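Side-chain atoms are counted along with the backbone in the values below, which use heavy atoms only and exclude waters and symmetry mates. Values in this document were obtained by computation on a predicted structure and should not be read as measured data.
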Amino acid sequence: MVLEPVVQLRREAAGEDVRSNRSPEARLEEALGLGAAINLNIVHSAVVRINQPKPAILFGEGKVEELAGLVQAEEVDLVVVDHPLTPVQQRNLERRLKTKVIDRTGLILEIFGDRARTREGRLQVDLAHLTWQKSRLVRSWTHLERQRGGVGFMGGPGETQIESDRRQIQDRITALEKALEQVRRTRDLHRKKRKKIPQPVVALVGYTNAGKSTLFNRMTESDVFAKDLLFATLDPTLRKIRLPHGREVILSDTVGFISELPTHLVAAFRATLEEVLEADLILHVRDISHPDTDAQAEDVKKTLTDLGVSAQTGAPIVEVWNKIDRLDPAYAEKLLTSQDGEGPVALSALTGSGIDALYARIEAFMGQNDDLFSLALPVTDGGLIAALYQMAEVLEREDGEKEIRVEVRVSDKQRGPFRDRFKPFIVI
């Protein structure tokens, strides 16, 4: 059973939902999509309006009795409440409904646990799950309510079982944080190595199921898992691609964002999302066919801001309007023909329509601060020629008997090292 609570506080003059900027029906549809992502068999779903949230059970008494009857009649094994639940609310609802109850965070954690494939992904999921679980410990062993402390029968009360559990969870959290810190250091080393070569990094970000992985596969000719599912991809993937005019860039696919993403989840996946922080260009992929595309875009921008990325402080952000194949053909054609090198780039990652405009935009951005050089290199110095191809983009080459004449484009990142190495061979 999936429930979408709509909190309408009585003191709100308009009586509008104070939780989100999207419709309850759209949020319920997203919650159903989250359930489908881990193959839940959903037998009942509903939007539940709440005038005043109850601290103990969230819903009103009458609604809880009604839900308990539905749970029994439909033989429901799991109730998903698409709303943050306090530990007390979760425990009380489980007692009243006589079945397992999880909230939105718990459901997302279940999906993450199912999707994680690499060691890094599993570490991040474990850390997020334990951080969430730590605040939800309830006393399960009443016969171990108190352990005796001290010597003999005179010792005072010792550590409670719940304190022992919490300490063990904290020990595990500390170990996971150390392991993830090692992952972060390893990623830092990889990034430093990448900065020594001329390939800039282009990162794909966007709401979950916006089509990032499909676009990634289209641009890299790879077979990264891509499916019409929420959070189909968790682990980051990087591939080197060659743009139509020869420039090479590194394309990075990242985990999708979602509305009301819990803070500790963002923190756990920070090692992954640091790829976005270090990118030279960010492509914000949007499902332009989705009715809530504007609200989704705001959620992505909020998460990027939480990470410290904005148009003012981070890499430039270009919007990519994906899935135009789902739009009215006339409108899709208008989007394709009205692109002028500024504003959003419209395309379909599935069909490839409009992909050339995206390549052109990336090339224009990467080349805006480039320098052009003419060089004359000795034919006999193979190491020097090899270094040239590593540090610059060769536009023209003319081989002579004693020297090689080349026209090259050098990125602003490589300008200093390039001049240091090739200054004697630059033709004025």
Side-chain angles (χ1 to χ4, degrees), residues 20-34 36-37 202-233 237 239 241-245 249 251-259 281-301 304 311 316-366:
S20 179
N21 57 353
R22 64 188 69 196
S23 69
E25 290 73 23
R27 294 212 307 268
L28 177 60
E29 183 181 351
E30 182 175 275
L32 293 173
L34 289 170
V202 178
L204 299 176
V205 302
Y207 207 79
T208 181
N209 207 28
K212 296 183 303 301
S213 296
T214 303
L215 180 60
F216 183 86
N217 288 340
R218 169 71 62 176
M219 296 176 73
T220 62
E221 299 180 358
S222 302
D223 57 353
V224 171
F225 180 65
K227 197 172 181 181
D228 189 17
L229 279 177
L230 300 181
F231 295 116
T233 307
T237 311
R239 295 282 190 279
I241 65 171
R242 184 180 292 274
L243 298 172
H245 291 91
V249 300
L251 193 65
S252 171
D253 187 19
T254 59
V255 62
F257 301 158
I258 197 168
S259 65
L281 178 66
I282 296 173
L283 301 181
H284 175 190
V285 183
R286 291 176 56 179
D287 177 0
I288 200 61
S289 68
H290 198 284
D292 279 324
T293 182
D294 291 335
Q296 291 180 353
E298 286 302 315
D299 288 327
V300 171
K301 290 173 185 175
L304 286 175
I317 301 174
V318 174
E319 282 199 0
V320 177
W321 288 5
N322 189 24
K323 302 191 182 182
I324 62 170
D325 53 290
R326 296 185 177 184
L327 299 176
D328 175 72
Y331 180 53
E333 185 62 28
K334 180 181 178 182
L335 289 177
L336 287 173
T337 55
S338 63
Q339 301 186 95
D340 56 0
E342 296 182 1
V345 178
L347 56 78
S348 169
L350 191 64
T351 66
S353 178
I355 199 77
D356 290 340
L358 180 60
Y359 286 140
R361 181 68 65 85
I362 297 172
E363 285 188 319
F365 172 79
M366 295 302 173

Taking all non-hydrogen atoms of both residues, which atom of Ala346 and which atom of Leu335 are closest, and how far apart?
-> CB-CB, 3.8 Å

Taking every heavy atom of Phe216 against every heavy atom of Leu251, the minimum-distance pair comes out as CE1-O, 3.4 Å

Taken to the nearest 0.5 Å, the spacing of Asn322 CG from Leu204 CG works out to 10.0 Å

Heavy-atom distance under 4.5 Å between the side chains of Leu347 and Leu215, does that happen here?
-> yes

For Tyr359, check side chain to side chain contact (heavy atoms under 4.5 Å, CB included) against everything at least two apart and list the hits.
-> Met219, Leu243, Pro244, Ile355, Asp356

Indicate yes or no: at least one non-hydrogen side-chain atom of Leu304 is less than 4.5 angstrom from one of Ile317.
-> yes

Candidate pair Arg27 and Ser259, rule side chain to side chain contact (heavy atoms under 4.5 Å, CB included), full reasoning | CA-CA 9 Å; Arg27 294 212 307 268; Ser259 65; 5.7 Å; no

Closest heavy-atom pair and its distance - Met366, Leu281 = CE-CB, 3.9 Å

Quick one: list whatever passes side-chain hydrogen bond (donor to acceptor under 3.5 Å, both in side chains) with Thr351, sequence neighbours left out.
-> Ser348

Would you say Asp299's side chain and Phe257's backbone share a donor-acceptor pair under 3.5 angstrom?
-> no

Determine whether Val345 and Gln339 make a side-chain contact, defined as any pair of heavy atoms from C-beta on separated by less than 4.5 Å.
-> yes

Test Leu283 against Leu358 for side chain to side chain contact (heavy atoms under 4.5 Å, CB included), laying out the working first.
-> CA-CA 10 Å; Leu283 301 181; Leu358 180 60; 4.1 Å; yes

Work out which heavy atom in Ala26 is nearest to a heavy atom in Asp292; give both atom names and the distance.
-> CB-OD2, 2.6 Å

Mind checking the CD1-CG spacing from Ile324 to Leu350? Nearest 0.5 Å is all I need.
-> 11.0 Å

Any residue meeting side-chain hydrogen bond (donor to acceptor under 3.5 Å, both in side chains) with Glu333, in chain and number order, not counting sequence neighbours | none

Does the pair Asp287 and Tyr207 meet the rule for a side chain to side chain contact (heavy atoms under 4.5 Å, CB included), with working shown?
-> CA-CA 8 Å; Asp287 177 0; Tyr207 207 79; over 6 Å; no

Contacts of Arg286 that satisfy side-chain hydrogen bond (donor to acceptor under 3.5 Å, both in side chains) - sequence neighbours left out = Thr293, Asp294, Glu319

Between atom OG1 of Thr208 and atom CD of Gln296, what is the distance when rounded to the nearest 0.5 Å?
-> 9.0 Å

Measure from the side-chain N and O atoms of Arg361 to the backbone N and O of Glu342, and report whether any donor-acceptor pair falls under 3.5 Å.
-> yes

For Ala349 and Gly211 the tightest heavy-atom approach is CB-O, 4.4 Å

Worked verdict on Glu30 versus Ile258 for side chain to side chain contact (heavy atoms under 4.5 Å, CB included) = CA-CA 10 Å; Glu30 182 175 275; Ile258 197 168; 3.7 Å; yes

Value for CG (Asp328) from NZ (Lys334), rounded to nearest 0.5 Å, stands at 11.0 Å

